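Okay, structure first, notes after.
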Amino acid sequence: FSDFGNRNAIHLLASLIASLYALKVPQESNSRSTYNVGQISGGTSVNTIAEQAEMLVELRSDSEKCLAELEAMFSALIEAYSNMGAAIQVTTVGRRPCSGQLKPGLQEALTERYTAIVRQETGQTPEIVSGSTDCNIPLSMGIPAVSFGACLGAGFHTRGEWLDLASLKHGWPLVMSAVLQYFA
């Protein structure tokens with residue numbers, strides 16, 4: 001009570017997070033970049049001024065150039081808060097790879113092949129969007145890759161995420177068509 005107003009690590013972290021969320025993500029052509037603070041923790045008790053706080057943040061992009069720009073912006077924020085006297089330690093947990101150099105036409109041909117399968121099985125043209133999936137690994141190595149769903153759902157990466165299990169019945173023919181094309 002008597003030390004109210006002293007530096008509070010949670011307040012500084014909250015300010016840093018607000019500064020991060022004020023950043024405009026880099027854009028290059030149809031690339032997609034994101035950031036997310038998925039966890040925060042710190043402090044000792046409700047009536048103790050927090051001496052430490054931490055966050056788990058993810059920076060992600062399908063463009064190496066945009067990811068490098070996003071990482072530089074994040075580093076600049078860390079440096080700015082460090083220059084204000086905050087003792088900050090950054091530990092990299094992992095780095096999801098971005099798409100590499102693909103031979104022209106190969107990715108488009110693969111995408112069209114799977115678009116045709118989806119049209120054949122569902123009668124609908126799929127929406128082609130950039131994503132962050134297991135395809136990141138082959139794409140980072142210059143190997144064409146696509147990912148598609150075989151069920152309906154929404155709210156991904158939230159506590160409200162849901163999956164319509166009944167839709168799997170209709171998704172299996174799509175998956176089997178995709179697999180069996182390599183045995184024909």
Side-chain angles (χ1 to χ4, degrees), residues 17-18 20-41 54-74 90-184:
I17 292 169
L20 173 65
Y21 274 82
L23 295 177
K24 184 177 181 202
V25 294
Q27 185 77 36
E28 176 186 43
S29 185
N30 292 328
S31 69
R32 184 153 185 227
S33 302
T34 63
Y35 49 79
N36 183 60
V37 176
Q39 291 182 335
I40 58 173
S41 63
E54 59 187 51
M55 68 176 170
L56 192 56
V57 62
E58 179 184 51
L59 309 175
R60 193 185 286 194
S61 181
D62 57 6
S63 160
E64 188 65 43
K65 178 182 177 209
C66 291
L67 183 58
E69 288 178 33
L70 190 55
E71 289 171 338
M73 293 186 319
F74 182 70
V90 176
T91 303
T92 301
V93 177
R95 191 172 192 276
R96 187 177 297 247
C98 302
S99 184
Q101 294 297 318
L102 298 167
K103 290 183 182 176
L106 289 181
Q107 182 64 38
E108 293 80 8
L110 184 65
T111 300
E112 184 49 44
R113 180 187 300 166
Y114 282 90
T115 297
I117 292 170
V118 171
R119 271 194 217 110
Q120 173 188 328
E121 293 298 331
T122 68
Q124 299 177 357
T125 299
E127 180 182 1
I128 309 299
V129 297
S130 174
S132 185
T133 67
D134 289 339
C135 288
N136 287 54
I137 299 297
L139 288 170
S140 72
M141 299 164 55
I143 301 169
V146 296
S147 176
F148 62 91
C151 57
L152 300 174
F156 306 112
H157 303 291
T158 70
R159 292 184 63 82
E161 182 173 341
W162 61 271
L163 174 69
D164 178 5
L165 294 177
S167 70
L168 288 169
K169 178 181 175 184
H170 303 290
W172 277 112
L174 175 61
V175 171
M176 292 310 298
S177 289
V179 170
L180 292 176
Q181 73 169 317
Y182 291 100
F183 297 102

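This structure is a prediction, so every number in the text was calculated from the model and none was measured. The residues of the chain are indexed from 1 along the displayed sequence.
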Shortest non-hydrogen contact from [X] to [Y]?
X: Glu121; Y: Pro173; result: OE1-CB, 3.5 Å
X: Ala150; Y: Val175; result: CB-CG2, 3.4 Å
X: Leu139; Y: Ala145; result: CD2-N, 3.7 Å
X: Met73; Y: Leu23; result: CB-CD1, 4.0 Å
X: Leu70; Y: Tyr35; result: CD1-CD2, 4.0 Å

Does CD in Glu161 sit with more than 12 non-hydrogen atoms of other residues, nucleotides or ligands closer than 6.0 Å?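 Buried by this count: over 12 neighbours within 6.0 Å.
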More than 12 heavy atoms of other residues, nucleotides or ligands under 6.0 Å from CH2 of Trp162: is that the case?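 More than 12 within 6.0 Å, yes.
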Pairwise side-chain contact, [X] with [Y], heavy-atom cut-off 4.5 Å (strictly under):
X: Ile40; Y: Ile17; value: yes
X: His170; Y: Thr122; value: no
X: Ile128; Y: Thr115; value: yes
X: Pro97; Y: Ile137; value: yes
X: Leu59; Y: Leu67; value: yes
X: Glu54; Y: Gln39; value: no
X: Gln181; Y: Arg113; value: yes

[X] side, atom [atom1]; [Y] side, atom [atom2] - distance, nearest 0.5 Å:
X: Glu71; Y: Ser61; atom1: CD; atom2: OG; result: 9.5 Å
X: Glu112; Y: Ile117; atom1: CD; atom2: CD1; result: 10.5 Å
X: Asp164; Y: Lys169; atom1: CG; atom2: NZ; result: 12.0 Å
X: Leu102; Y: Met141; atom1: CG; atom2: CE; result: 11.5 Å
X: Ser167; Y: Leu174; atom1: OG; atom2: CG; result: 11.0 Å
X: Asp62; Y: Ser130; atom1: CG; atom2: OG; result: 3.0 Å

Pair Thr34, Arg60: side-chain N/O donor-acceptor within cut-off below 3.5 Å: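 There is no such pair between these side chains.
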Using distance alone, with no hydrogens and no angle criterion, decide if Ser63 and Ser31 have a side-chain donor and acceptor under 3.5 Å apart.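 Checked: Ser63/Ser31 side chains show no N/O donor-acceptor pair below 3.5 Å.
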Ion pair Lys24/Glu69, N-O distance below 4.0 Å: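 No, this pair does not count.
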Please find out if less than 6.0 Å separates the ring center of Phe148 from that of Tyr114.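 Phe148 vs Tyr114: aromatic centres under 6.0 Å.
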Examine distances only and state if a side-chain atom of Thr158 and a backbone atom of Gly160 form a donor-acceptor pair shorter than 3.5 Å.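 A pair under 3.5 Å: yes.
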Could you walk me through whether Glu64 and Arg95 pass the salt bridge (Lys or Arg N to Asp or Glu O under 4.0 Å) test, one step at a time? CA-CA 11 Å; Glu64 188 65 43; Arg95 191 172 192 276; 2.8 Å; yes
Going through the distances and angles, do Gln107 and Val146 end up as a side-chain contact (heavy atoms from CB on, under 4.5 Å)? CA-CA 8 Å; Gln107 182 64 38; Val146 296; 3.7 Å; yes
